[in-house]
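First listed ligand is number 1; within each ligand, the first listed atom is number 1. On a predicted model such as this, the values are computed, not experimentally measured, just so you know. Atom set for the values below is all heavy atoms of this structure, side chains included, hydrogens, waters and symmetry mates excluded.
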Amino acid sequence: MPIYPLARNADDITHNLQQVRHCMAQACLRVGRATDSVRLLPVSKTVDLERLRAAHQAGCLELGENKVQEAHGKAQTLSELQDLRWILIGHLQTNKVRHAVQFASEFQALDSLRLAEELDRRLQQVGRGLPVMVQVNTSGEDSKYGLPPDQVASFLQALRPFHSLQVTGLMTLAMLSSETQAVRQCFRRLRLLRDQLREQAPAGMSLEHLSMGMSGDYELAIEEGATVVRVGQAIFGARTIPDSHYWPEHDKENLHV
Ligand SMILES: *Cc1c(COP(=O)(O)O)cnc(C)c1O
């Protein structure tokens, strides 16, 4: 893994964003995609408020967060930044849904019907909708959240009654491995699944988007069709809190940090 130096201020963050955007464009060109066809979602878990303000100054208008409590706290404290949107990208417990619907602009880790039901109920109460992505376990690792690929078709059908949820696509975390082929396979699996499901998806579910790729593998993900990449450390610097805090069940041997 590359070393990601800590971004201390808006200039550092601007520099890193430019770097990442450059690599994203190169990856697009390698596979003949338009260089503006991929959305960069900066991931700001563990990043403190001062550096979040710097990120906003550097032009970040949306931030991805893994944990709802951490995100909600940040959103409340930074509520003066009215054009800043918060995207939840981590596993959400049903008992935290009421917090999530208060501030999240999008949720990318939908992985159970119980959660969908509770989200829909709470969203109805507050009178709003929510774009969501279904998380798929493409690596086959037990420790990962997300639906097994063969359950996604029926899951999408079962989501039809939940009118507050706007399904926009699929999300995955690839295997955390230094073996490029294994990582690429995860991304490819998600794209092929999406292509296959598109034909049978319920009306109104676009399945346009594939949220896949992080600091260590976003270029591969783009080559395999990602339309959203979720990048934290390459923008903000290496995290000191291990990812096991965010992926509690994750196999420690495979951690990024
Ligand atoms: C932290 C996180 C990322 C970003 O990981 P980096 O290594 O910081 O790029 C992407 N997706 C999810 C779900 C995360 O929790």
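Scanning both residues, L130 and A104, for their nearest heavy atoms gives CD1-O, 3.5 Å.
The salt bridge (charged side-chain N to carboxylate O under 4.0 Å, His left out) contacts involving residues 53-64 comprise R39-E62, R53-E80, E62-R85, where partners must be two or more places apart or lie in separate chains.
Taking a cutoff of 4.0 Å between a charged side-chain nitrogen and a carboxylate oxygen, R114 and E118 do not qualify as a salt bridge. K45 has no carboxylate O lying under 4.0 Å from a charged side-chain N of E65, or vice versa, which leaves the two without a salt bridge.
Listed by atom number, the atoms of ligand 1 under 4.0 Å from R230 heavy atoms are 4 (C), 9 (O), 10 (C), 11 (N), 12 (C). Close contacts between ligand 1 and V231 involve ligand atoms 9 (O) [criterion: under 4.0 Å to a heavy atom].
Residue M133 belongs to a hydrophobic cluster whose other members are L41, V43, I87, I89, M171, V228, with links defined by side-chain heavy atoms closer than 4.5 Å.
No heavy atom of Q108 sits closer than 4.0 Å to any atom of ligand 1.
Checked against a 3.5 angstrom limit, the closest N/O atoms of G232 and ligand 1 fall inside it.
Of the candidates M171, M214, K45, R239, the one placing a heavy atom closest to atom 8 (O) of ligand 1 is R239.
The proximity of N66 to ligand 1, defined as any non-hydrogen pair under 4.0 Å, is limited to the side chain.
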